[in-house]
Structure formats: structure tokens, C-alpha cells
Amino acid sequence: MPESTTCPTVTDVANALDALRSSTPLVQSLTNVVSANFVTNVLLAAGASNAHIDNVHEAAGFASIASGVLVNLGTPDDGTAAAFTLAAEAARAAGTPWVLDPVGVGGLPWRTELAAGLLTLEPTAIRGNASEIIALAGLGSFARGVDSASDSEAAVPAAVALLEFAHVVSASGPVDYIVGRSEAGPVGVKVGGSSPLLTKVTATGCSLAALVAAYLSVSPTPLIGITSAHAHVAVASERAAEKSYGPGTFAVAYLDALASVTPDDMRSALVEPLTL
Amino acid sequence: MPESTTCPTVTDVANALDALRSSTPLVQSLTNVVSANFVTNVLLAAGASNAHIDNVHEAAGFASIASGVLVNLGTPDDGTAAAFTLAAEAARAAGTPWVLDPVGVGGLPWRTELAAGLLTLEPTAIRGNASEIIALAGLGSFARGVDSASDSEAAVPAAVALLEFAHVVSASGPVDYIVGRSEAGPVGVKVGGSSPLLTKVTATGCSLAALVAAYLSVSPTPLIGITSAHAHVAVASERAAEKSYGPGTFAVAYLDALASVTPDDMRSALVEPLTL
Amino acid sequence: MPESTTCPTVTDVANALDALRSSTPLVQSLTNVVSANFVTNVLLAAGASNAHIDNVHEAAGFASIASGVLVNLGTPDDGTAAAFTLAAEAARAAGTPWVLDPVGVGGLPWRTELAAGLLTLEPTAIRGNASEIIALAGLGSFARGVDSASDSEAAVPAAVALLEFAHVVSASGPVDYIVGRSEAGPVGVKVGGSSPLLTKVTATGCSLAALVAAYLSVSPTPLIGITSAHAHVAVASERAAEKSYGPGTFAVAYLDALASVTPDDMRSALVEPLTL
């Protein structure tokens with residue numbers, strides 16, 4: 001797959017949604033128990049499908065036939081941690097795009113070591129909040145003092161450093177910062193416009209990472225894929241916020257909006273180049 | 001329990017809902033992490049209750065006191081897989097109705113073998129989509145080329161073959177196809193009228209299987225029990241679709257509708273004989 | 001932490017919500033797979049945050065830095081059961097408040113023994129339904145014949161007996177009964193006004209226990225903390241019921257209401273002294 005050398009356009013993200021809807025990619029999610037239901041409903045609403053296959057007997061086999069794979073470190077145990085590695089290895093071997101969501105990395109030593117091992121299996125994309133991206137790049141040494149909720153821009157140098165392992169890396173926040181490899185050096189993208197209510201509903205980040213896996217499988221470049229997932233979330237969350245009275249109604253309206261957003265609606269996404 | 005020799009009537013399913021509401025059966029669910037919350041909420045809304053007991057220390061003991069047991073193969077690991085067998089054995093020994101939902105069987109060898117072992121423990125009912133029912137009957141050999149979303153009628157011969165193991169078998173789809181044993185040979189039922197939005201919300205199939213377990217425990221025959229569960233879902237989903245703007249609002253309205261459907265409303269269910 | 005010697009007032013619970021919102025305590029939840037998503041969404045809506053850390057490698061370390069810890073016995077397996085003990089030990093050693101929610105204790109021998117071990121680690125608070133509180137106090141011998149849904153007052157003697165292990169104990173029901181230690185002997189509180197729809201949505205009890213953990217970490221006494229959690233749930237559930245058409249819409253409106261209830265609204269809570 002070629003790399004993007006410039007920031008994706010709103011036409012690129014509109015086309016990506018069109019491709020998603022017409023091919024209904026099947027994501028294999030290895031995700032935490034808090035997010036498992038919401039991740040699947042987000043994928044179904046957006047236009048993809050999902051199979052949560054995270055046991056050691058089946059994780060590798062399924063990764064070789066899935067359209068994309070999500071590995072989320074939210075609630076690992078010994079069994080699922082082993083399955084993460086098996087799925088990532090199989091995805092890499094099969095050329096299946098896979099996404100690493102390094103939940104909690106930095107503050108928790110066991111999973112930080114697990115994440116370090118997964119990095120060497122070359123995820124196609126990494127999606128986290130700012131503190132997780134910084135911790136993953138430094139494997140813990142840069143994490144202190146960063147407020148993940150407020151300053152995703154602070155994670156850009158760490159995201160660029162992680163391009164050693166991954167094709168594209170994003171740090172979510174009020175504005176999402178995304179970087180990708182190209183032969184001309186790192187390319188940067190900002191995606192704005194998402195609703196702050198996303199932070200009041202659990203698993204919105206986890207399901208965004210799952211959506212990245214879905215979009216990677218239908219997009220011409222990894223940077224278009226990850227940018228399209230972020231843009232879909234931003235546009236849908238803004239629409240949902242208008243119909244919400246709090247986090248409960250927001251989560252429901254968000255699923256409706258993920259389904260009702262059209263490729264043409266994606267043209268309103270706030271996608272801008274980021275100077276690195 | 002005697003077997004139905006004819007297709008259940010809408011009076012049968014109306015009476016079954018009445019019995020469900022008046023006895024509030026307690027289902028033991030051994031189900032996947034994606035569906036665990038929704039399965040419980042569906043059972044509570046419909047008029048039953050649920051306990052998710054799936055560890056090896058307690059699964060068998062509880063199966064002997066539950067009203068019905070659901071074994072769902074969605075996200076097994078070594079521990080829950082062992083608990084499935086223990087619960088199924090205890091349910092059979094105690095005469096507790098139990099339901100097998102063979103999620104993913106056919107495409108995934110490990111759970112397909114697990115399902116083959118569970119079949120020998122004689123589930124009261126099997127509920128799956130078309131490709132799962134076909135795979136379960138052939139243990140993998142018939143699964144290719146079947147689109148589970150579109151053609152549940154294609155699973156009827158497989159469902160009939162599975163009556164060797166189970167009293168009743170259903171294949172879900174736009175129309176649900178159900179077959180049951182009788183001394184006069186297999187009896188068939190079609191249940192129509194369900195909303196296509198059911199396919200846009202995860203765990204609607206899993207929770208239908210849980211509802212089958214609940215209804216089996218209050219119905220005069222297994223065929224009336226399974227048909228009543230399918231009819232309850234069809235009637236409630238149609239009502240919910242009228243109040244929905246997408247998959248998010250549908251899932252919420254569906255829980256409301258499962259609770260608000262009355263025995264009299266069940267008389268509008270599209271239950272018809274199926275010629276075998 | 002000093003103990004309350006009198007029943008908390010509505011001013012106490014109003015101040016506690018204010019403290020919760022201004023400090024956003026981080027709960028560590030070790031809870032069951034049915035409730036994991038809802039527990040987190042309830043904490044986020046109410047004004048706290050959550051991390052579901054329940055593996056043996058990380059449970060203890062995180063308990064020493066969390067604001068409060070929830071140990072819920074809903075769906076234990078060998079791994080999470082070991083993590084429960086590790087987290088409780090670490091919380092006790094660090095002086096972190098921790099809450100025991102003894103789901104299913106009494107009817108299920110394995111977890112009843114597990115609960116007995118956890119009791120010796122001195123939970124700050126215990127929250128259960130009446131039959132669970134009675135079973136926990138008697139370790140099984142008093143459980144028979146008690147209907148947990150209808151008679152939480154019957155659990156008061158058991159709750160008082162459990163003050164040997166915990167600072168505060170509550171039994172949930174149509175009216176919640178709460179008792180706490182003081183130098184002058186046990187103090188009692190009743191909290192009324194909650195909606196019966198809480199019993200039609202799974203994990204409302206589990207998430208109340210999580211909210212107790214959050215409130216304990218910001219309240220001047222354990223009795224004010226646990227009473228404030230019960231009062232927040234009662235006020236929010238009553239408000240949600242007014243906007244509901246069934247259990248689906250209720251659950252959604254409940255999350256909205258948990259977020260929209262103000263400290264001033266908490267003054268309408270039905271908090272009364274309970275004579276012991």
C-alpha cells in the first residue's frame with residue numbers, strides 16, 4: 001500500500017465512507033470487556049461488521065481472514081494478552097491491517113511491557129490519547145504531567161517517533177492529531193469539530209480505534225484510512241450532540257448519527273494539514 | 001414434556017407470554033462478553049430474569065436450579081468452554097431446558113469441535129443464523145457460500161437434521177424458520193415481521209436465544225416455547241422500528257417494546273406453518 | 001477518617017456531590033462482565049471516572065493509586081477472584097476506601113467462601129440487596145426465604161452485624177437501609193424515593209456500589225459517602241422515570257439525570273434517620 005504524501009482531503013474521506021459502506025469490512029476486535037458491546041455497535045452503525053475473537057485457539061486463524069484487526073489493551077489477562085500477540089503476528093504475516101490501542105500504557109508496568117512487544121509486530125496504526133502515545137513512545141518515561149484530556153498536540157513528537165513502528169499514529173483529544181509516514185518524511189493532519197460529550201461516554205475512543213481498523217481495510221493509503229475514521233467520529237458526534245440532553249441520550253444519538261452520516265456529509269469534516 | 005404435532009397458534013404464543021410474565025423464570029446465561037449486558041436487559045424487559053454464571057466452580061450447581069440455561073459460543077476461552085459443558089451436563093441431568101447458540105461455528109475450528117461435544121449433551125433447543133445451523137449440522141462441510149443474512153430458508157434441511165440432537169431448532173433471518181420433533185415427524189413454523197434493524201444492533205440474536213431459554217421453561221411444548229420467543233422479538237422489533245431514527249434509538253425502543261408488548265399484542269405475530 | 005454519629009443531612013449529601021464534581025475521583029472497578037460498561041458510564045455521568053483493572057498483574061498496584069476500589073462478585077473466575085484479593089489487600093494497606101458488592105452470595109458456595117475471605121480484609125463499605133447482606137452476615141445460613149426485591153428492612157440486623165467488618169453497610173430495595181459505625185453505637189439511615197424501574201435494568205445495583213466507592217473518597221465520613229451515593233441514585237432515578245416509556249428509555253434518561261442533578265437538587269433527597 002502506498003503512503004500519502006499530503007494531507008487527505010474531504011473528498012478522500014467522503015470516498016472512504018463510500019467504500020466502507022459498499023464493502024462492509026469485517027473487523028476482528030480483541031478489546032476490553034468495558035467496550036466490547038459498544039465497539040461492535042459502533043462498527044455496525046458505521047457500516048462495518050465485527051467479530052470479537054480473542055481466545056488463543058482462534059485469534060491467529062481469524063486474523064488471517066479478517067479485513068482488519070483491533071488490539072486494545074484495556075482489560076488484558078494472561079489469556080487475552082497471549083491472543084493479542086498471536087493475532088498481531090498473524091495479521092502482519094497475512095498483510096491484514098491491524099491497530100494498536102495502548103489503553104493505560106505508561107501508568108501500568110505489565111501492559112506497558114506487553115505494548116512494547118506488540119510494537120515490534122509493526123501495527124499499521126496506533127490510536128491513543130496523548131498520555132498513552134507519549135508513554136508508548138518513551139515506554140513510560142515521558143508520561144508524567146501530561147493531561148490526556150486537554151493537550152493532544154503535546155503528543156505530536158511522540159506520535160512522529162512511533163512512525164518507526166507504525167504507518168500512521170493518532171492522538172485523540174478535543175482536536176485529533178494524526179501523523180503518517182511518507183517518502184518525503186512525516187505528514188501531519190488535524191481533525192477538529194468533535195463533541196466534548198465523547199469524553200463522557202466510555203468506549204468512544206476504543207470504538208474509534210476499531211473504526212480505524214475498518215477504514216484501513218478500504219482506503220487507498222493508511223493516512224486516508226485513519227483520517228476518515230476520525231472524521232466520521234467528529235461529524236457524527238457533532239450531529240449527535242445537537243440531539244442530546246446528557247451522556248445517555250448522546251451515546252444513543254451517536255450510534256444513529258454514525259449510521260446516518262453520508263459520504264457527502266463527510267465533506268463538512270474539519271480536516272486540515274498539520275505542520276510538523 | 002410432550003411435543004407439538006402442529007404449528008403453534010397465536011393463542012399459544014399469547015398464552016406463553018402470559019405464563020412468562022406471571023412466573024418470571026430465571027435464566028442462567030453463559031454468554032459472550034459482547035452480549036452479556038444486552039442479554040440481561042432483554043430478559044428483564046421481556047419479563048424474565050437472568051444470572052450470568054459461567055465459571056467452572058458454579059456453572060453446574062446453578063444449572064440444576066435455574067429455570068433455563070443458555071450456552072452461547074460467542075467468546076469462549078478455556079475456562080468458560082469447560083463451564084459450558086458442566087452447565088449443559090447439569091441441565092440435562094436436572095431436566096432443565098437448555099439452549100445452544102452456536103455463534104461462529106463453521107468458520108472457527110476450535111469452537112466447532114466444542115459445539116460438536118455440546119450437541120451430544122442434547123440441547124432442548126438450538127438457535128443460530130443460517131450458516132451456523134448449516135455448519136453445525138454438517139460440522140463445517142456445508143458452510144461455504146451461504147449468506148447468513150439473506151437465506152435462512154436454506155438452513156431448513158440442516159435444522160431438520162439437527163432434530164437428531166435437539167427437540168427444536170431455529171434459523172434466524174428476515175423470516176425465522178423453526179422446526180420441531182413430533183411423533184408424526186418434523187413440524188415446521190415460520191415467524192415473520194421482524195425489523196431489519198435487528199441486524200444493525202449486536203446481541204439481538206444472542207438475546208433471542210436467551211429468551212428461548214426463558215420461554216421453554218414456561219411453555220407446554222418446546223415448539224411453543226421457541227416460537228413464542230421468536231414471535232415476541234418480531235412483534236417488539238416491529239413496534240420499536242416505528243419509534244427509531246437509527247440503530248441507537250432502535251435498541252432503546254426495542255427494550256421498551258419487549259416490556260410493553262402484551263399477550264394480546266402477540267396475536268398479531270406472523271406465525272405460519274412451514275411445509276417440510 | 002472520623003465516623004458520623006448522626007444521620008447525614010441533605011446538606012451533607014449536597015456538599016458531597018459538589019466535592020465529587022470538583023475532584024473527579026478515579027474508581028478502580030473489578031466488576032462483572034454484565035455491568036462493566038454501565039458501571040463506567042454511570043461513574044462518568046455522575047462526575048467521577050473509572051478504570052477497570054482486574055488482572056492479577058496490575059490490580060494491587062492500581063489499588064494503591066486509585067481514589068476508591070470496587071470489588072463486585074458478579075462473574076468471578078479464578079483469575080479475577082485472585083485479583084479481588086490482591087486489590088482489597090492493597091487498598092487496605094494504602095488506606096484507599098474499597099467497597100464489596102457481594103453479588104450472588106448465599107446461593108453460590110464458591111463465591112460465598114470468596115466473600116468470607118474478602119470480609120477479613122475490612123471493606124470500607126458493603127452494598128448488596130437484602131438477601132445478599134443477610135447471607136453475608138450469616139455466611140449462607142439466613143438466606144432462605146428472603147425476597148431481595150421486597151424487604152430490604154429485613155436485612156438491617158444483618159447489616160448491623162456486618163459492621164464488625166465494614167465501616168458502613170447498605171441494603172438496597174424500594175427503600176435503601178444503611179448503617180454505619182460510631183463510637184456511640186450503630187447509626188442508621190433510610191433513603192427513599194428511587195424508581196422501581198431501577199430493578200428492570202441490569203447493573204443499576206453494581207453501578208450504585210461503584211458510586212459508593214467514588215463518594216467515599218470525597219466525603220468527610222463513610223456514612224455521608226454511602227448515603228450520598230444512594231441519594232444521588234434515588235434523585236436521578238426519579239427524574240429519569242418521568243422521561244421514560246420503559247426500561248430502555250429509562251436507562252438512557254438515568255445516565256442523563258445522573259449528570260444533570262445538581263448539589264441543590266440533592267436537597268430533595270428522602271434521607272431520614274433509621275432507629276436501630
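Below, chain A is the first sequence line, B the second, and so on; all start at residue 1.
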**Request:** Give a yes or no answer on whether the side chain of A/E58 reaches the backbone of B/R111 with a donor-acceptor pair at less than 3.5 Å.
**Result:** yes
**Message:** Tell me if the CD atom of A/E113 is crowded by more than 12 foreign heavy atoms within 6.0 Å.
**Reply:** no
**Asked** Do other residues, nucleotides or ligands put more than 12 heavy atoms under 6.0 Å from B/F165 CZ?
**Response** yes
**Request:** Mind running side-chain contact (heavy atoms from CB on, under 4.5 Å) on B/V201 and A/L44 for me, showing each step along the way?
**Result:** CA-CA 7 Å; B/V201 176; A/L44 288 172; 5.7 Å; no
**Options A/A36, A/A83, A/A51, ranked by heavy-atom pairs under 4.5 Å with chain B, top entry** = A/A36
**Message:** Using heavy-atom distances under 4.5 Å, tell me whether A/A45 contacts chain B through its side chain, its backbone, both, or neither.
**Reply:** both
**side chain to side chain contact (heavy atoms under 4.5 Å, CB included), paired with B/T202, selected from A/N50, A/N41, A/V42** = A/N41
**Fill in**
Residue from B/N32, B/V33, B/V103 scoring the most non-hydrogen pairs under 4.5 Å with chain A is B/V33
**Request:** Identify which part of B/V252 has an atom lying under 4.5 Å from any heavy atom of chain A, answering side chain, backbone, both or neither.
**Result:** side chain
**Request:** Carefully, step by step, assess A/I53 and B/L108 under the rule side-chain contact (heavy atoms from CB on, under 4.5 Å).
**Result:** CA-CA 10 Å; A/I53 311 289; B/L108 295 156; 3.7 Å; yes
**Asked** How far does NZ of A/K243 sit from OG1 of B/T249, to the nearest 0.5 angstrom?
**Response** 9.0 Å
**Message:** Quick check on B/D78 against chain A: is it the side chain, the backbone, both or neither that has a heavy atom closer than 4.5 Å?
**Reply:** side chain
**Prompt:** Do A/N37 and B/S35 touch side chain to side chain, with heavy atoms closer than 4.5 Å?
**Reply:** no
**Request:** Identify the two heavy atoms, one from B/V34 and one from A/H52, that lie closest to each other, and give their separation to 0.1 Å.
**Result:** CG2-CB, 3.6 Å
**Item:** Pair B/D77-A/H57, side-chain donor/acceptor within less than 3.5 Å
**Value:** no
**Message:** I need the B/K200 NZ to A/L255 CG distance, nearest 0.5 Å.
**Reply:** 12.5 Å
